Amino acid sequence: MSDDGAGEPVLRVEGLKAHYDSTDGFLDRLLGRSRRVKAVDGVSLELREGETLGIVGESGCGKTTLARSVLRLIEPTAGSVYHRGEDLTALSSAELRDRRRDLQYVFQDPHSSLDPRLTAGDVVGEPLDVHGLATGAEREDRVRELLETVGLSPSHANRYPHEFSGGQRQRLGIARALAVDPEVIVCDEPVSALDASVQAQVLNLLADLQAEFGLSYVFIAHDLRVIEHVSDRVAVMYLGEFVERGPTEAVFDPPYHPYTEALLSAIPEPDPLWEGDGIRLDGTVPSPIDPPSGCRFHTRCPRVIPDADYDLRPETWRTVMDLTLRAAEADDAASLTAARPDPTEAPRETFDGLVREEFDLPDTLPDAAAEEALGEAIDALHDEGIGAAAALLDSAFTSPCERHRPPEYELGGDHGIACLRYDDGFDEEAGTFADGSV
Amino acid sequence: MTALLEVEDLTVRFYTEEGVVTAVDGLSYRIEAGETFGVVGESGAGKSVAALSVLGLIDDPGRIERGEVRFKGEDLRSMTDAELRSVRGDEIAMVFQDARAALNPVYTVGEQIAETIEHHMGYDPAAARDRAVRLLDRVGIPEAGTRYSDYPHEFSGGMCQRATVAMALSCEPDLIVADEPTTALDVTVEARVLDLLADLADEFDVAVQLITHDLGVIAGTCDRAMVMYAGEAVERAPIEELYYDPKHPYTAGLMSAIPHVGDDRDRLQTIPGTMPDLIDVPSGCRFHPRCPFAEEACTRTDPALVDPENGEAATLETERAAACLEYTEGLTGGLDYSVEVDGETNERAEDDDGGEDDDGREDEGEEGGSDE
Amino acid sequence: MTEDGERGTDSEELRTRRRTDERGRIRVTGFDADRVRDRDPLSAWSERDGADGGTDGTNGGADDRWRRGLRRFRRNRSAMAALAVVAAMALVSLLARPVEVAGVVVQPFALAPYDPTTILYLSVDPSVSPYDPPSPRFPMGVDGAGRDLFSRVLVGGRYSISIGFVVVGLTASFGLVYGAISGYYGGVVDEVMMRVVDVVFAFPGLVLALAVVATLGGGYWQLVAAFSLFGWAGYARLVRGEVLSIAEREYVLAAKVIGARDRTVIRRHVAPNALSPLVVLASLDVGSVVIGVAALGFLGLGMDPSTAEWGTMLDATRETLIQGPGGEIPWWATVYPGGAIFVFVLAMNVIGDGVNDALDARETGVGRGGRGGREDRGDGRERGDDR
């Protein structure tokens, strides 16, 4: 590891993958009917001393799996996690247990992450027992001290978790993590179950602890408002990959990855006169069992790059893409229109209208070649069925985003975006890359 | 003219093993036809209980102790169960936080909507099915015809919520009570569901009571809003005034506690402590143990909801109301928080009051007129 | 529609505000939380810290599920009455005859007037004949071999009651360990262990017990073996299911995060939390075992025929049900031992139900349900954002 002046990272993750089996039964597994869920698929990150790295994304993006596989709570499938230069994935389970003194975790749900049978004192004292850090009176003192550190009264040591409010339980979870005096704490949605006023208290507490003990945080949240507030650097995650990464200001200001842009646009602003730019994403995150080819975001991206063969506006192109994608998945022609038992019974013209209405396509596409291809596909859909139409659409309309998996493009200042739009060598007009490939 | 929904002095208690919980205490508000009314507060503030008791859906050990609920001038509390059921189905619909749980897993989504239509609107099965498909399409479910026969578990969380919105709309209600409809959803989905609710409210001219803990959600969608704390309404105002000129310290505290995008504070301002347990609420003003501006008087007198301009007791018609002693007895230290908007500052100084007083009254007058 | 009306009548100041796409414009300053912290409390009211259980005057002291369960159980009158019945029966059977351990009398009381195996007409009173009806001297009459039924019923509890508890103790403990290992490790271990359980379940329990007794012969420990050998399977399956759900809970993961070993995790977190359904099942099971033992005894496969055990006593007088000597049915010979079984099993079942109610999670959650759902939001989020 070269020292580039920024200090050696406390935690360095390289090409981490966490895949797991979603097959249900023993027999299925035996018969090899396995379905691999690629929850985390090649993530690299660095966490520097004393900083907070925010990781944000929708549910189903693999944030929690990432957080857990970094600490080997879920066994990673591939990749390495270096803590102070040592690869955690190579440690034996006994060595790993020792290592847990440096790497801690705070859970999202302060209710389910505390054993209902243990008192607050036991919860906080357990790490001390496990690692033999303190016993007897010393242990008592340490437990008191920890409770005070997180803003609980030491007299609460005899209480059970259910006697605390949500915010207090989360403080208890933080005290448990602090007990072993860790270097790194991975916080998995630590405030998303809390009320606004309590959320602020816990966020402030985390900030205070960071300043006092020099902690480094990996902070996972779905709420960009919280992420922006706590993070020094941010990584935006989509379907098991990072799509954008950089210092907080850089990520929250243009240029954006289209996904980041959409996420930002969706945050409700507590200002009645605020009008957003109204970027809205359709649907939900696709299944990580069989993620989309090329750029994984191309199925929902509002700024997906049009096929260079046609001259279409981005919105129109998006609707054409939607039709293409839906045709590829649909079972019959009826699935491509809103209603009616069998729309193919209708005359060709009416049917054409129905399809266009469902996808908000214009009556005629502005580009003649595109219109011709679309017309052919609708004919095929009407006369031959879904299979033929899907094939036609697929061959006629292909975005470069479908074919190329974008690497991360460096935009300077440690800011990287994985989107073809930021490839200097890519010519959108011609649809070719610097080396002439398409 | 009476408003669509008028709730007056609603008090709901739960008789639990641990004691009597006054979940809602003397709550009054009104919702006009076609408007979107926000109810905001933290968990435990009594928002959901209030909504459920309006619909007569409070079960043991809960009991409505007193108060009136008038819908289109009719008293819901004196209705029989059967009458109430018909109001609930035909005129008031509800959308819940957990949409998946609100759908029956053993029937297809479409069937459930069609059944509601058949039952309440007297459609024949084919027509009901047709209308259900059209509604599903309207709320943005792709391939509505095919999706009609999908089961709830085949829908994503956002689609389930859209389906429950479709079901709520199916009987052309006049009021939809939406209880945290987007809390369990991702922001991207939340934004779309909120857009949808706003569009539909316009299109079908239906009033919406939107219950949420998120001030951001209220700001973008509501015309008027009410802030609740520990079972009471602490402030009621048209939406812009609530944000640009909050009159109750709790509202101000709540606004300062949420992180904003584009806000570079190192620390968030917090409201210290937590919401009191409703078994044992503080004396006087319930917010006083957490309020930086509280004084000795606050521990003695429970402030009523008053017009902050003149200190007169608020009625249902009062647009702008807050429950803080500052507006009746006056606090010696005053409420010295201020709201900055884009650099311009609304000092909450005493001398401003005279000037704004007139505006406030004018508001009411014209508001009343425009509704008739 | 009201939007226009309202926005149009905004005060002058508001009207000049412009619509914007800039975020974070509104900023509240001066709401200073430190003032609350720094000042003396204004009133005597203090935060109860959201405590849900602190209202019992225990002042926030220890109050876990078991204690709450115990309190509930105490309030359940029928369960308490049943408990009293079982305790009385156990006590009476213990005090029925003196108990000697290695020649030393450790329990000198003798509530039963005669030794249960004493044949009255041989050693006590020649005038007594078999099947003498109840009389002040022999309150439950005399059985077919001329023994005092009252004494036999009192002493019989020693076998019937103790065998129930011994068997349940053995099977529940084994089932707990078996199920915990199977559930916690999962995978192939779980597959194999659960298939074994399935095999055990594939046979009717009483028939298996019958086969064992037939092979090993009758006797107290043989009966214990017969019921224990296969009785654990139900517990194993129950515990395994419970452990699977507990292993999913985050506090188990949390224990791993702090570096606890697997066995520590099982011992400290998994097993204790899986215990309450086990206790419920066990308390209901005591009765079934007693019935089973009695059934075997009735079939003549339990204890030695002369033993004073309720089921065996029924067997000894089986033929009298059809026709007694002189055409009269000596009902007392069957009714009293049968009644003892009935009362004991009924009482155990009532206790079992009481334990179930006392430990049932939903029941204990009632108080919290009405509280306006402090947990509501957390749950919603959890569903939405896992993984």
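Order of the sequence lines fixes the chain letters, A, B, ..., with proteins taken first and strands second; residue numbering starts at 1 for each chain. Worth saying up front: this structure is predicted, and the values here are computed from it rather than measured. Atoms considered below: every heavy atom in the structure, side chains included; atoms not considered: hydrogens, waters and symmetry mates.
Taking the ring axis of B:Y148 as reference, the NZ or CZ atom of B:R129 stays within 45° of it and closer than 6.0 Å to the ring centre.
Both the backbone and the side chain of A:Q201 come within less than 4.5 Å of a heavy atom of chain B. Within the 4.5 angstrom heavy-atom criterion, atoms from both the backbone and the side chain of A:D282 approach chain B. Contact annotation for A:L203: only side-chain heavy atoms (C-beta onward) come within less than 4.5 Å of a heavy atom of chain B.
Ranked by heavy-atom pairs under 4.5 Å with chain B, the first of A:A266, A:P270, A:G151 is A:P270. Put simply, of B:L268, B:I141, B:I258, the one with the most heavy-atom pairs under 4.5 Å next to chain A is B:L268. Among the candidates B:V261, B:L215, B:I271, B:D195, the residue making the largest number of heavy-atom pairs closer than 4.5 Å to chain A is B:V261. Of all the listed residues (A:E249, A:E269, A:R326), the one sharing the greatest number of non-hydrogen pairs under 4.5 Å with chain B is A:R326.
Of the N and O atoms on the side chains of A:T260 and A:E244, at least one donor lies less than 3.5 Å from an acceptor on the other residue.
Judged as a salt bridge (charged side-chain N to carboxylate O under 4.0 Å, His left out), and not counting sequence neighbours, the contacts of B:E203 are B:R138.
Under the side chain to side chain contact (heavy atoms under 4.5 Å, CB included) rule, B:L242 has a single partner from B:R236, B:M255, B:K247, B:E235, which is B:E235.
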**Asked** For A:R233 and A:I55, what are the C-alpha separation, side-chain angles and deciding distance, and is it a side chain to side chain contact (heavy atoms under 4.5 Å, CB included)?
**Response** CA-CA 9 Å; A:R233 288 187 306 132; A:I55 297 177; over 6 Å; no
